[in-house]
Number of protein chains: 2
Amino acid sequence: MATTTDSCDRNDVYAAMCPCRDMLDLLASKWSALVIGALEDGPRRFGQLRLRLEGVSPKVLSQTLKRLEDRELITRTAYAEVPLRVEYELTELGAGAAVPLKHLRDWVESNAA
Amino acid sequence: MATTTDSCDRNDVYAAMCPCRDMLDLLASKWSALVIGALEDGPRRFGQLRLRLEGVSPKVLSQTLKRLEDRELITRTAYAEVPLRVEYELTELGAGAAVPLKHLRDWVESNAA
DNA sequence: TCCGACAGTACCCGATAGGAACCAGCGTGC
DNA sequence: GCACGCTGGTTCCTATCGGGTACTGTCGGA
């Protein structure tokens, strides 16, 4: 059971003050699981992600990528080429998160609707 | 069966029209993973869930439970007792979803912050 | 000169999350 | 009778988020 102290001495997603709650919120948000999955096979560009994640608007995709980058789950690399090329790639941490997220997507595809 | 074939003949979370996208959105929302995890060990009452999920407001908990019930991931049973007792319990489908969600929570607890 | 590709940003709007307060039914104490 | 507490919520209001459309800026090509 959750030992509810006012701080978080061990990681417990059920504890309100635990930083891992933030991580769960991020991973468990609408597009994150799809973005991370789309990057499993290697780096992808903004436009490629946009096509792969059917229905995502550029704004939301941009926000999602920024949050994932802030959390160090992905890296963003801009190449000063013409036309501009920007690549997003999973970090080691992101690749770790991709594993349980893939299980979740697989379960959903097997059991939804 | 996924052979309804209007727009989504196979389950693919990356397809915009696929009903499994809705399921992913539901599971990958802020409180769902925690609610389902809290019900893994058996039925729980509203107040128990409220304590277990530190920081959840009754409104949001109520909404989350309703959506999970609509999707048949949990059942709600009200007993005409004094005081009123309401129990939430995982369905078979919900218990299935609990497995990948537990992996996700475990990963988060092992890797966050 | 205009067009399109690329990687976003700006603006506006509706939906959702969040907090605080409030409600209803029932039993108990006064 | 009346307040009180327990339980399981609902309602109000606001802040944030997600979402759609339009637009920017740079460049190469027709």
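In what follows, every chain begins at residue 1, and chains take the letters A, B, ... in the order their sequences are listed.
- Of the side-chain N and O atoms in B/Ser29, none sit less than 4.0 angstrom from OP1 or OP2 of C/dT16.
- The shortest non-hydrogen separation linking B/Cys20 to B/Val13 is SG-N, 3.7 Å.
- Here the side chain of B/Pro83 is nearest to one of D/dG18, D/dC6, D/dT10, namely D/dC6.
- Here A/Val60 lies in heavy-atom contact (under 4.0 Å) with a base.
- When distances run from any side-chain atom of B/Lys30 to the nucleotides D/dT21, C/dC6, C/dG18, the shortest one goes to C/dG18.
- Residue contacts shown for B/Tyr79 are absent, as no nucleic acid heavy atom lies under 4.0 Å away.
- When rounded to the nearest whole Å, the span between CD of A/Glu81 and C1' of D/dG25 equals 17 Å.
- When the C1' atoms of four end pairs are superposed on the next four at each end of the helix from C/dT1-D/dA30 to C/dC30-D/dG1, using five pairs per end, the two resulting axes differ in direction by 30°, to 10°.
- The phosphate of D/dG8 (OP1 or OP2) has a side-chain N or O of B/Arg45 nearer than 4.0 angstrom.
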Check residues 88-98 of chain B and write down every donor-acceptor pair under 3.5 Å in which the side-chain atom is one partner and the other belongs to a residue at least two apart or another chain.
{"from": "B/Tyr88", "atom 1": "OH", "to": "B/Arg76", "atom 2": "NE", "distance (Å)": "3.3"}
{"from": "B/Thr91", "atom 1": "OG1", "to": "B/Glu72", "atom 2": "O", "distance (Å)": "2.7"}
{"from": "B/Thr91", "atom 1": "OG1", "to": "B/Leu73", "atom 2": "O", "distance (Å)": "3.1"}
{"from": "B/Thr91", "atom 1": "OG1", "to": "B/Leu93", "atom 2": "N", "distance (Å)": "3.3"}
{"from": "B/Thr91", "atom 1": "OG1", "to": "B/Gly94", "atom 2": "N", "distance (Å)": "3.0"}

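- Here the side chain of B/Trp31 is nearest to one of C/dG18, C/dT9, D/dG19, namely C/dG18.
- The CZ atom of B/Phe46 sits 6 Å away from the P atom of D/dG9 (whole-angstrom rounding).
- Shown here is A/Lys102, whose NZ atom has no more than 12 heavy atoms of other residues, nucleotides or ligands within 6.0 Å.
- Between the CZ atom in A/Arg71 and the CG atom in A/Asp25 there is a gap of 9.0 Å [rounded to 0.5 Å].
- The CG atom of B/Leu34 sits 13 Å away from the P atom of C/dA17 (whole-angstrom rounding).
- Legend: salt bridge (charged side-chain N to carboxylate O under 4.0 Å, His left out) pairs involving residues 57-68 of chain B, not counting sequence neighbours: none detected.
- Heavy-atom minimum distance, A/Leu49 versus A/Ala38: CD2-CB, 3.7 Å.
- Side-chain N/O atoms of A/Lys66 include one lying less than 4.0 angstrom from OP1 or OP2 on C/dT9.
- Note: CG (A/Leu53) to P (C/dG8) measures 15 Å, nearest angstrom.
- C/dA20 atom C1' lies 11 Å from atom CZ of B/Arg50, rounded to whole Å.
- With C/dG8, D/dG18, D/dG20 as the choices, the nucleotide that has an atom nearest any side-chain atom of A/Ser57 turns out to be D/dG20.
- One can place CD of B/Glu87 at 13 Å from C1' of D/dT7, the figure rounded to the nearest angstrom.
- Contact check, B/Arg76 against D/dG9: a side-chain N or O comes under 4.0 Å of OP1 or OP2.
- Atom CG of A/Leu61 is separated from atom C1' of D/dG19 by 13 Å (rounded to the nearest Å).
- Comparing B/Lys59 and A/Leu84 by the nucleotide of DNA chain C that holds the closest heavy atom to each, the one mapping nearer the 5' end is A/Leu84.
- Here the P atom of nucleotide D/dG9 and the CG atom of B/Leu49 are 10 Å apart, to the nearest Å.
- Side-chain nitrogen and oxygen atoms of A/Gln63 include none within less than 4.0 Å of the OP1 or OP2 phosphate oxygen of D/dC17.
- When all heavy atoms of B/Gln48 and B/Arg44 are compared, the closest pair comes out as OE1-CA, 3.4 Å.
- Residue B/Glu54 comes nearest to A/Ala16 through the heavy atom pair OE1-N, 2.9 Å, listed as atom of the first residue, atom of the second, then distance.
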